[in-house]
Structure formats: C-alpha cells, structure tokens
2 protein chains.
Amino acid sequence: MASDAALQVEPLAEEETLSLGERAYRRLRASIVQGALAPGAKISERGLANALGISAQPVREALRRLEQDGLVVTLPRRGTVVAEIGPERLAELGRIRAALEGVAAALAAERMSEADLAELRQVVRRMRAATAAADHEALAEANERFHALIQGATGNLFLIRSLEALHAFDEYGRPRALGSTPNALPRALREHAGILAALRARDPALAETRMRAHVLRSLVTNRVLAPPARARRGKSLTPD
Amino acid sequence: MASDAALQVEPLAEEETLSLGERAYRRLRASIVQGALAPGAKISERGLANALGISAQPVREALRRLEQDGLVVTLPRRGTVVAEIGPERLAELGRIRAALEGVAAALAAERMSEADLAELRQVVRRMRAATAAADHEALAEANERFHALIQGATGNLFLIRSLEALHAFDEYGRPRALGSTPNALPRALREHAGILAALRARDPALAETRMRAHVLRSLVTNRVLAPPARARRGKSLTPD
DNA sequence: ACCTGCCACCTGCTATAGCAGTTGTCCATG
DNA sequence: CATGGACAACTGCTATAGCAGGTGGCAGGT
C-alpha cells in the first residue's frame with residue numbers, strides 16, 4: 001500500500017526550499033528596487049523580522065548582503081536605512097554592468113563549450129521569431145537566457161554574483177518607456193546575432209566590444225543612460 | 001579540526017572597534033588568499049567559532065559574505081569548503097578588476113573634486129620620489145592610495161566594495177617575481193602620471209583606457225596574466 | 001564475507017534571550 | 001521659559017540552545 005507511494009518522487013516544490021535568509025534577501029531586494037521601500041526609510045531588524053514572521057538572524061543576514069550590494073547602509077548601533085539611489089547612481093551601475101558583461105563575453109568567447117554555443121544559437125533563433133511576432137514576453141525570456149548562458153559559461157562565481165546583483169536594478173524606477181522606437185527590436189536582434197557571431201569566431205576582443213556596446217545601447221533606449229552626445233568624439237585631451 | 005593551525009595568521013591590524021563578523025570576514029579572507037586555508041578544506045561554523053573564541057553567528061555571517069565573493073561554496077546541510085581558485089580563475093579576476101578600475105577611472109574623470117585631484121598630484125609626486133629612491137614600501141603605499149582615491153571619488157558603493165573584494169586576491173599565490181624587470185618601476189610611474197593627466201583633463205574615455213591598460217600590464221608583470229601574444233590588436237573600448 | 005538498516009554524530013540553519021551603545025522624551029532645575 | 005540630565009525605548013550585535021537534514025560506521029542478519 002504505502003510502498004507504492006514511497007516510490008513516488010516528490011513533486012519537489014520549486015523555490016520553497018530556499019533558506020529564510022536567502023528568501024529575505026531576495027524579497028528585500030525586490031522591495032527596494034521596486035520602490036516599495038523608499039530611499040531613506042529606516043529598517044529595523046526586529047521590525048522586519050516579525051513583519052515577515054521569521055527570526056531576526058535571517059533578516060540581519062539579508063541586510064548584510066544588501067549592504068555589500070550597496071542597497072542599504074547601516075550605521076553601527078544606530079540603524080539601517082535604504083540607500084539613496086538617484087538617476088546618476090543608476091547610470092553608474094549601468095556602465096559597470098556593461099563593462100562586466102563585456103568581460104563575461106570575452107571570457108565566454110575563450111571558454112564556451114560547443115553545446116552552449118549550440119543552445120545560444122537556438123536562443124537567437126527564438127529571438128528572431130519573437131521579434132517578427134513582436135512577442136515581448138518571449139523576447140524578454142530569450143534575452144534573459146542569452147545573457148545567463150554567456151555569464152554561466154565563464155564559470156566565474158564572482159562575475160556571476162556581481163551581475164546578478166546588478167541585474168536587480170533593471171526594474172528600478174520602471175516607468176521606462178515601453179513604447180520605445182519601433183526599430184529597437186530589430187536592432188537588438190542584430191546586436192545579439194553579432195555577439196553570437198563573435199563568440200562562435202572565438203574572438204574575445206570583438207565579443208567584448210559588441211556586448212558592451214549592446215548593453216550600453218540598451219540602457220540608452222531604456223532611459224537610464226543619457227544618449228552619448230559628444231562622448232564618441234576623438235579621445236584627445238581637451239586643453240583647459 | 002585540521003584548520004586550527006591554519007587560523008594562526010597575522011595580527012591583522014589594531015582595529016579592535018570592528019564587529020566580530022567583520023573581523024571574521026577579513027581574517028578568513030586573508031587566510032584563504034594567503035593560502036593558510038587550502039582550497040577544498042572543509043570549514044565548520046562551530047569549529048571556526050570556538051577556534052576564534054567567538055560565537056557561530058558572526059562566523060556564519062562571514063562565510064555568507066565570502067560565498068558572495070566566490071571564495072567559499074557551501075552545500076546546504078552538508079558543509080562549507082574553500083573554493084578552488086586556479087591560475088586561470090585568478091587571471092579572470094584580474095581582467096574583471098582591470099575592467100572595473102577602468103570604469104572607476106572614467107567616473108572619477110567626471111566627478112572627481114579639485115581637492116582630490118590635488119591630493120592625487122601629491123601622491124604621484126611621492127611616487128616619483130619613491131621610484132627614484134627605489135623605495136618599494138613607500139611605492140606600494142602610494143600606489144594603494146592612488147587607486148583608493150580614484151575609487152573613492154566615484155562614490156559608488158557597489159564599485160568600491162567589488163574592487164575591495166578583488167583587491168584581496170592580489171596576494172594570492174605570492175611567489176611573484178620581486179626581481180621583475182628593472183624598467184617596471186619607471187613604466188608604472190609613467191602610467192600613473194598618464195592616468196592623472198587624463199583625470200585632470202576630465203576625459204573619461206582616455207582615463208578608462210589608460211587605467212585598464214595599466215592594471216592589465218601590472219598583472220602581466222606580476223605573472224598573473226600571460227603576456228599578450230598578439231598585443232598590437234588593440235581592444236577598442238569605443239564602439240562604432 | 002557481504003549486504004542492510006539503524007543510530008550516533010555531524011552539518012547548516014533558525015529561534016530566543018540578552019548585551020551594549022544611541023536617541024528621544026520628560027521632568028526637574030536654574 | 002529655557003536648559004540640562006537622567007531614564008526609557010529603541011537600535012545593531014552577540015551568545016546560547018535547539019531543530020532538521022545528511023553522513024558514516026557499527027552491528028546484526030543472510
């Protein structure tokens with residue numbers, strides 16, 4: 001009787017098996033970047049603890065990690081507050097992310113396995129279809145997979161963790177123009193294809209350049225970075 | 001257990017006012033990058049705790065932060081082990097650091113105050129004297145201050161924290177050739193002066209290029225990066 | 001000798017309690 | 001009325017205790 005049931009493998013609920021500290025970390029991070037916790041708001045370990053129905057240690061652990069991410073700042077024995085993140089800080093983080101994704105692409109060009117390259121080709125193929133159908137949801141998912149594949153191919157934990165933390169800022173603010181220019185989709189597709197080509201060619205420098213330009217351009221269309229007015233001029237010293 | 005002997009490291013510093021978690025974090029990180037804790041070594045929260053004479057919570061907190069840095073990896077309910085960091089991983093981290101320091105230099109070129117620029121000039125002046133006198137110790141200290149000033153000028157917590165974590169890897173391995181080429185010192189001085197010039201000129205692109213090249217070159221002379229075989233293929237940072 | 005199942009021990013993980021600074025309020029005093 | 005100081009109520013921080021899951025070894029059965 002029960003033996004049959006014992007053979008059944010658990011459905012293994014997806015993400016409910018995480019530690020409380022990890023869940024608190026993600027939840028708090030989401031609350032901050034989504035604006036539910038306004039900048040400057042005071043955070044109390046105990047307060048948050050019984051608000052979440054858990055103990056104070058996991059909360060403290062989460063706050064420490066958030067502090068390392070720069071999302072909160074805690075003054076010893078005085079309190080913890082949500083850090084102020086203005087548009088300029090957000091732009092800085094975007095530029096940092098662009099640089100890191102560039103390095104990731106360079107490393108991936110050297111180390112990526114053929115299997116990963118094959119999956120990447122599939123992803124770009126899905127992107128092409130989604131672009132033609134203007135399926136934004138599928139496009140976002142494919143885009144996520146695209147970058148995750150490249151980052152994962154590096155195998156560098158520091159790089160992956162850092163980019164994950166930066167990725168959380170993507171939905172900061174968020175009245176970002178959905179109705180961007182109609183040629184933004186095809187352009188992004190071209191850029192992705194170009195990155196894939198560089199990876200297949202095992203050209204680290206080219207992959208890095210293209211990836212970085214892609215991320216920067218995407219940040220510009222999302223209004224987090226200002227359009228490069230004169231930044232692209234010759235890099236000569238301007239005499240003062 | 002066997003890690004008890006490995007815990008004996010430097011007196012570290014006179015900072016007694018830091019939290020136990022913070023001290024445990026730095027101490028453990030130093031033990032790992034200095035090789036006192038060999039890769040693959042098992043770390044027990046309780047074991048470390050009464051080896052350090054403190055409770056288990058600060059230790060756990062430190063381990064979580066080290067995990068985010070990629071220095072340890074913990075399998076839930078099974079144990080925590082020191083991550084394997086081979087030469088290739090070290091090279092990756094060096095390239096990441098070069099990219100991040102480049103971004104820091106670009107941001108500093110835009111935001112740096114005149115006071116910071118003045119101090120930076122003083123630091124370069126000290127470097128020049130130390131280079132002439134071949135005073136390695138003063139040179140290292142000035143170098144530290146040079147980079148710290150630039151990073152601090154960005155005011156970006158994420159950037160500063162990440163670079164601090166990466167900086168810890170500088171003394172990983174460490175049989176690095178002290179008797180490097182005799183022209184290494186003047187070259188480093190020229191590079192620092194060049195970076196300073198770009199910062200004074202408020203040229204982000206140039207500052208980034210020079211800073212990144214400087215860090216990469218320094219990593220090459222320290223034997224953590226392989227010399228660029230096809231070095232004349234410039235990594236153009238400005239996308240077209 | 002070999003498999004098997006149980007059990008002590010280990011691990012990370014969480015909760016509770018209490019310490020030590022900091023801050024704000026309220027009453028006493030000039 | 002203004003001012004200062006002590007007390008109460010916070011805060012982050014640390015220690016202790018105990019839970020749940022995983023591992024290894026030892027005994028008992030085949």
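This one's a predicted model, so the numbers in the text were calculated from it and none came from an experiment. Just so we're on the same page: letters track the sequence lines, and every chain starts at 1.
Close to D/dC13, at under 4.0 Å from its OP1 or OP2, lies no side-chain N or O of A/R77. When the side-chain nitrogen and oxygen atoms of B/T80 are compared with OP1 and OP2 of C/dG12, one or more of them lie within a distance under 4.0 Å.
Rounded to whole Å, atom C1' of D/dA17 lies 15 Å from atom CG of B/N50. Rounded to whole Å, the distance from CG on B/L75 to C1' on C/dC10 is 14 Å. As a whole-Å value, the separation of B/I43 CD1 from C/dC10 C1' is 16 Å. Taking atom CZ of A/R60 as the reference point, atom P of D/dG12 lies 9 Å away to the nearest angstrom. Rounding to whole angstrom units, CG of residue B/L20 and P of D/dG12 are separated by 17 Å. Atom CZ in A/R64 sits about 12 Å away from atom C1' in D/dT11, given to the nearest Å. When the C1' atom of D/dT23 is taken as reference, atom NZ of B/K42 falls 10 Å away, rounded to whole Å. Rounded to whole Å, atom C1' of C/dC10 lies 15 Å from atom CG of B/L48.
Across all strands, B/L63 comes closer than 4.0 Å to no nucleic acid atom at all (heavy-atom distances).
For the pair B/P76 and A/R46, nearest-nucleotide mapping onto DNA chain C gives the more 5' position to B/P76.
The side chain of A/S55 approaches C/dT16 more closely than any other nucleotide in the set D/dG12, C/dT16, D/dG18. The side chain of A/S44 sits closest to D/dT11 out of D/dT11, C/dG12, C/dT16.
Below the 3.5 angstrom threshold, one finds no donor paired with an acceptor across the side chain of A/R78 and the base of C/dG24. Contact annotation: side chain of A/E61 to base of C/dT14, donor-acceptor pair absent below 3.5 Å.
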What verdict does the side chain to side chain donor-acceptor pair (under 3.5 Å) test give for A/H214 and A/E101, after you've listed the backbone C-alpha separation in whole Å, the side-chain angles of each residue and the deciding distance to 0.1 Å? CA-CA 10 Å; A/H214 163 63; A/E101 294 232 36; over 6 Å; no
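With respect to A/E61 and B/R65, no salt bridge is recorded, no charged nitrogen being found less than 4.0 Å from a carboxylate O. Looking at B/R95 and A/E110, a side-chain N of the basic residue comes within less than 4.0 Å of a carboxylate O on the acidic one, giving a salt bridge.
The environment of CZ in B/R126 is crowded: more than 12 heavy-atom neighbours from other residues, nucleotides or ligands sit within 6.0 Å.
Sorted pairs that involve residues 70-81 of chain B and meet salt bridge (Lys or Arg N to Asp or Glu O under 4.0 Å), not counting sequence neighbours, are lacking altogether.
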